[in-house]
Amino acid sequence: MKYKASSIQLPEPFSMSEMIGYLTRSANECLFYVEADNVYRMIRVENEPVLVEITCRNDELEVWILDGIPPTKSVRVTVDGYVRDWFDLDRDLRPFYRQMEHCPYVSGLGRDHTGLRIVGVPDLFEALCWAIVGQQINLAFAYTLKRRFVETFGECLRLNGKEFWLFPSPETIANLSVAELRSIQFTSRKSEYVLEVAKRMTEGTLSKTSLMQSGDFKAAERDLVKIRGIGPWTANYVLMRCLRDPSAFPIEDVGLHNAVKERLGINRKPTLDELRAIASKWTGWEAYATFYLWRSLYHTFRCRD
DNA sequence: TTCCAGGGTAACG
DNA sequence: CGTTACCATGGA
């Protein structure tokens with residue numbers, strides 16, 4: 001059973017090779033595959049796991065369903081919406097490029113990587129867990145921890161000798177103990193933070209819908225940082241990659257610091273004041289500027305296997 | 001071996 | 001309030 005769920009007319013600019021460049025930045029990624037320029041991942045549709053293939057043909061993105069529930073209108077709509085959100089296809093990037101022409105540190109990146117869109121993390125629980133896992137450890141280890149988390153507590157589909165994993169649900173994680181998370185080398189702190197988030201999401205006191213309901217990203221940020229384990233960096237990371245606030249700005253981000261350091265040609269990290277001064281040219285597009293600066297750093301966190 | 005890593009909390013002055 | 005110790009382990 002294989003059927004096409006949707007054909008998405010690609011916005012301009014869009015570069016599939018730039019997107020794949022980002023998606024393949026770690027060989028240790030466990031939630032999707034890239035093979036022959038096609039992208040494969042499992043997503044949950046109406047509480048059922050569905051295996052999706054994304055193919056770029058001419059000016060369209062074709063979304064195929066390879067395994068899972070039969071095609072209905074709502075399945076097609078959900079899958080179509082997921083891909084649009086994941087690749088940020090409904091955003092007009094032309095104002096971003098025009099504005100970056102005035103920033104010497106990012107304008108070159110904008111030209112070199114035209115058509116790169118922020119790869120999102122549409123699932124709020126996944127976004128929060130990934131951010132918490134990534135706190136204060138190098139990215140290679142973060143990918144290892146994520147893989148252990150997913151392969152220990154997630155759901156797996158095996159097809160044609162490959163494994164396709166779904167991120168664990170908040171319900172599954174909320175029932176765990178700190179000790180169980182420590183057994184996969186989470187620190188006690190990370191374990192407590194992730195359990196807290198899982199419990200809130202299971203209770204319904206934390207959800208993407210409730211964070212977005214006011215339509216005010218600043219209000220969402222205030223709600224997020226009230227939660228233990230979520231500071232300004234984590235809140236802005238989630239605003240950037242899940243809630244899709246183009247002005248989210250994780251200014252404490254070490255990757256951002258290192259990218260700016262290289263582009264300034266200095267042998268120390270920029271201060272927060274220096275970052276604020278540079279970012280004053282990015283108003284409204286801080287998330288995109290940050291993502292493009294991350295793109296300039298791939299060589300520093302490539303996984304060795 | 002040393003230093004740092006896509007931070008955050010809690011305890012201190 | 002601003003500063004500091006601590007978390008804890010892998011990777012380079």
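In what follows, chains are A, B, ... by sequence order, proteins preceding strands, each numbered from 1.
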[X] near the nucleic acid: base, sugar-phosphate alone, or nothing, with a heavy-atom cut-off under 4.0 Å?
| X | answer |
| --- | --- |
| I132(A) | nothing |
| Y193(A) | sugar-phosphate |
| Q135(A) | sugar-phosphate |
| P232(A) | sugar-phosphate |
| I227(A) | sugar-phosphate |

From [atom1] of [X] over to [atom2] of [N], roughly how many Å is that when rounded to an integer?
| X | N | atom1 | atom2 | answer |
| --- | --- | --- | --- | --- |
| L145(A) | dG7(B) | CG | P | 14 Å |
| K190(A) | dT9(B) | NZ | P | 12 Å |
| L256(A) | dA5(B) | CG | P | 13 Å |
| E252(A) | dA5(B) | CD | P | 15 Å |
| K146(A) | dT9(C) | NZ | C1' | 19 Å |
| F141(A) | dC7(C) | CZ | C1' | 12 Å |
| E221(A) | dG8(B) | CD | P | 11 Å |
| I137(A) | dC7(C) | CD1 | P | 16 Å |

Is any side-chain N or O of [X] closer than 4.0 Å to OP1 or OP2 of [N]?
| X | N | result |
| --- | --- | --- |
| T234(A) | dG8(B) | yes |
| Q185(A) | dG10(C) | yes |
| R189(A) | dG7(B) | no |
| K269(A) | dA5(B) | yes |
| N258(A) | dA5(B) | yes |
| T187(A) | dT9(C) | no |

Mind checking whether [X] and [Y] have ring centres under 6.0 Å apart?
| X | Y | result |
| --- | --- | --- |
| F153(A) | W165(A) | no |
| W282(A) | Y292(A) | no |
| F96(A) | F291(A) | no |

Should the side chain of N138(A) and the base of dG10(C) be counted as holding a donor-acceptor pair, with the cut-off at 3.5 Å? yes

List, by chain and then residue number, the residues other than M42(A) in its hydrophobic cluster (Ile/Leu/Val/Met/Phe/Trp/Tyr, side-chain heavy atoms under 4.5 Å); write none if there are no others. Y33(A), Y40(A), L51(A), W64(A), L66(A), L157(A), L159(A), F164(A), L166(A)

Has the side chain of H257(A) got a donor or acceptor atom that lies under 3.5 Å from a matching backbone atom of I251(A)? yes

When you get a sec, tell me which of dG7(B), dT9(B), dG11(C) is the closest nucleotide to the side chain of R228(A)? dT9(B)

Whole-angstrom distance between dA8(C) and dT1(B), as gauged at atom P: 22 Å

On DNA chain B, does the nearest nucleotide to W130(A) precede the nearest nucleotide to G229(A) from the 5' side, or the other way round? Give the residue. W130(A)

When the nearest nucleotide of DNA chain B is assigned to P250(A) and to V225(A) on a heavy-atom basis, which residue is associated with the more 5' position? P250(A)

Assess whether a salt bridge exists between K218(A) and E221(A), defined as any Lys/Arg side-chain N lying under 4.0 Å from an Asp/Glu carboxylate O. yes

